[in-house]
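One structure is given below, encoded as structure tokens.
Excluded from the calculations below are hydrogen atoms, water molecules and symmetry mates; all remaining heavy atoms, backbone and side chain alike, are included.
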Amino acid sequence: MKYKIKNVEVVRYPVLRVTFTDGLSGEYDLTDMIEHGPAFARLKDEAYFDTVLVGEHGHTFGWNLDDLGNEIDFCPDATRIAIETQKVEELAERYRSNHAAAE
């Protein structure tokens, strides 16, 4: 399935809230990528980070999307997997915490 992005906004540096066209929404933390990926060095500038936008038809999101070769863009499918994984892990932790407290 090919997911599409409806909206992306900065929650706090360096965390984005990504919303998909089907309504799923979640936070996407770019800390590790920015700290360890030279391709993301420009995102260390918080003012630049704030310029994130959704690409044409929701097929991507990122920075400098109209500047081919200088853009920083993200795949909606990989982003979706990361957000869904985070949600499942949060639910599992909540379940473990509630059951441990009940024992």
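Checked against side-chain hydrogen bond (donor to acceptor under 3.5 Å, both in side chains), E71 has no partners two or more places apart in sequence or in another chain. Residues meeting the side-chain contact (heavy atoms from CB on, under 4.5 Å) test with E90, sequence neighbours left out: Q86. Judged as a side-chain contact (heavy atoms from CB on, under 4.5 Å), and not counting sequence neighbours, the contacts of P76 are Y3, I5, F20. The salt bridge (Lys or Arg N to Asp or Glu O under 4.0 Å) search around E89 returns none, not counting sequence neighbours. Every residue two or more places apart in sequence or in another chain that forms a side-chain hydrogen bond (donor to acceptor under 3.5 Å, both in side chains) with T19 is listed here: S25. Considering only residues two or more places apart in sequence or on other chains, E27 meets the side-chain hydrogen bond (donor to acceptor under 3.5 Å, both in side chains) condition with R12. Looking at residues two or more places apart in sequence or on another chain, you find a side-chain contact (heavy atoms from CB on, under 4.5 Å) between D67 and N64, N70. Take V52 and apply the side-chain contact (heavy atoms from CB on, under 4.5 Å) test, not counting sequence neighbours, and it matches V8, V10, L16, F61, W63. Residues satisfying the side-chain hydrogen bond (donor to acceptor under 3.5 Å, both in side chains) test with D32, not counting sequence neighbours, are none.
Side-chain atoms of E93 and S97 include a donor-acceptor pair closer than 3.5 Å.
Taken to the nearest 0.5 Å, the CG atom of L43 stands 6.5 Å off from the CZ atom of F49.
Contact between F40 and M33 at its shortest, heavy atoms only, is CD1-O, 3.4 Å.
Identified under the side-chain hydrogen bond (donor to acceptor under 3.5 Å, both in side chains) test for residues 49-60, with sequence neighbours left out: none.
Both Y13 and Y48 sit in one connected hydrophobic cluster of ILVMFWY residues. Membership requires side-chain heavy atoms under 4.5 Å apart, directly or through other members.
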ask   = Hey, mind stepping through E84 and L24 against side chain to side chain contact (heavy atoms under 4.5 Å, CB included) and telling me if it holds?
value = CA-CA 9 Å; E84 287 178 344; L24 180 85; 4.1 Å; yes
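Cluster note: V15 groups with V11 through ILVMFWY side-chain heavy atoms spaced under 4.5 Å, whether in direct contact or through intervening members. By the 4.5 Å side-chain criterion applied to Ile, Leu, Val, Met, Phe, Trp and Tyr, L65 is assigned to a cluster that also includes L53.
The number of heavy-atom neighbours closer than 6.0 Å to CG of L68, taken from other residues, nucleotides and ligands shown, is 12 or below.
Y28 is not listed as a side-chain neighbour of R80, based on a closest heavy-atom distance of 4.5 Å or more.
For D77 and K4, the salt-bridge test fails: no basic side-chain N is under 4.0 Å from an acidic carboxylate O.
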